Asker: 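Quick one: this structure, given as structure tokens, is what I'll be asking you about.
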Amino acid sequence: MISVYKLKPKFQQLLTPILLFLHKKKITANQITISSVLLSVIIGILFWNADVSRWLFLSLPIGLLIRMALNALDGMMARKFNQTSKLGEVLNEVGDIVSDVIIFFLC
């Protein structure tokens, strides 16, 4: 049986070109983390208004996939380009909690 832990290296490998692009554009790991929180707000708002258009229901699975990629990218960015910091660790943990709460209460 395949586990999530076996998929993670392949997922990160798929994200590597995006990681290099973001680094070239001077995007930091903390900026990616903040973007993930903002994305969660957008996901919640779109899903909250899904009764307006059925297409907005797709915001949840698509948005969560993008959020998962952003969460992987911020860690990869921090490790690969030496951007680790105590602030980044706190921001990452608090950002994940805030994102989950936003999505949970708005969806």
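In this text the structure is predicted, and so the values were computed from the model without any measurement. Computed from heavy atoms alone, side chains included, the values below leave out hydrogens, waters and symmetry copies. Numbers here are sequence positions counted from 1.
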Asker: May I ask you to test the Met76-Arg79 pair for a side-chain heavy-atom distance under 4.5 Å?
Answerer: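 Yes, their side chains come closer than 4.5 Å.
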
Asker: Linking I/L/V/M/F/W/Y whenever any side-chain heavy atoms sit under 4.5 Å apart, do Ile66 and Phe11 land together?
Answerer: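 Both belong to a single hydrophobic cluster.
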
Asker: Is Leu38 close to Ile34 at the side-chain level, that is, under 4.5 Å between some pair of heavy atoms?
Answerer: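 Side chain of Ile34 against side chain of Leu38, heavy atoms only: contact under 4.5 Å found.
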
Asker: Just how far is it from atom CD1 of Ile42 to atom CD1 of Ile103, taken to the nearest 0.5 Å?
Answerer: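 If we round to the nearest 0.5 Å, Ile42:CD1 and Ile103:CD1 are 11.0 Å apart.
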
Asker: Step by step, work out the side chain to side chain contact (heavy atoms under 4.5 Å, CB included) result for Lys80 and Leu19.
Answerer: CA-CA 9 Å; Lys80 184 171 179 97; Leu19 176 73; 3.7 Å; yes

Asker: Which pairs, with at least one residue in residues 85-107 and sequence neighbours excluded, count as a side-chain hydrogen bond (donor to acceptor under 3.5 Å, both in side chains)?
Answerer: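 Residue pairs with at least one partner in residues 85-107: Ser40-Ser99, Arg67-Asp100.
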
Asker: Indicate, with yes or no, if Trp55 and Leu39 share a hydrophobic cluster defined by side-chain heavy-atom contacts under 4.5 Å among Ile, Leu, Val, Met, Phe, Trp and Tyr.
Answerer: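 In one cluster with Leu39: Trp55, yes.
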
Asker: Does the side chain of Ile43 come within less than 4.5 Å of Ile62's, by heavy atoms?
Answerer: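 When only atoms from C-beta onward are counted, Ile43 and Ile62 do not touch, as no gap falls below 4.5 Å.
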
Asker: Could you give all pairs that pass the ring pair (Phe, Tyr, Trp, His ring centres under 6.0 Å) test and reach residues 73-107, with sequence neighbours left out?
Answerer: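 Non-adjacent pairs meeting ring pair (Phe, Tyr, Trp, His ring centres under 6.0 Å): His23-Phe81.
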
Asker: Among all residues two or more places apart in sequence or in another chain, which pass the side-chain contact (heavy atoms from CB on, under 4.5 Å) test with Lys25?
Answerer: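 Per chain and number, Lys25 pairs via side-chain contact (heavy atoms from CB on, under 4.5 Å) with Phe21, Ile27.
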
Asker: Please tell me if the side chains of Met77 and Ile32 come closer than 4.5 Å, counting only heavy atoms from C-beta onward.
Answerer: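 When only atoms from C-beta onward are counted, Ile32 and Met77 do touch, with a gap below 4.5 Å.
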
Asker: Please name the residue in the list Thr33, Val98, Val37, Asp74 that meets the side chain to side chain contact (heavy atoms under 4.5 Å, CB included) test with Leu91.
Answerer: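 Passing option: Thr33.
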
Asker: Atom CD of Gln31 and atom NZ of Lys26: how far apart are they, to the nearest 0.5 Å?
Answerer: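 Answer for the CD-NZ pair, Gln31 versus Lys26, is 12.0 Å.
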
Asker: Looking at residues at least two apart in the chain, or sitting in another chain, which of them share a side-chain contact (heavy atoms from CB on, under 4.5 Å) with Ile18?
Answerer: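 Per chain and number, Ile18 pairs via side-chain contact (heavy atoms from CB on, under 4.5 Å) with Leu15, Leu22, Leu73.
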
Asker: Going by the ring pair (Phe, Tyr, Trp, His ring centres under 6.0 Å) test, which pairs reach into residues 32-53, not counting sequence neighbours?
Answerer: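 Pairs touching residues 32-53 that pass the test: Phe47-Phe57.
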
Asker: Does anything in residues 59-79 form a ring pair (Phe, Tyr, Trp, His ring centres under 6.0 Å)? List the pairs, not counting sequence neighbours.
Answerer: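 For residues 59-79, and leaving out neighbouring residues, there are no ring pair (Phe, Tyr, Trp, His ring centres under 6.0 Å) pairs at all.
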
Asker: When rounded to the nearest 0.5 angstrom, what is the spacing between CG in Leu58 and CG in Leu46?
Answerer: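 Going from the CG atom of Leu58 to the CG atom of Leu46 covers 11.0 Å.
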
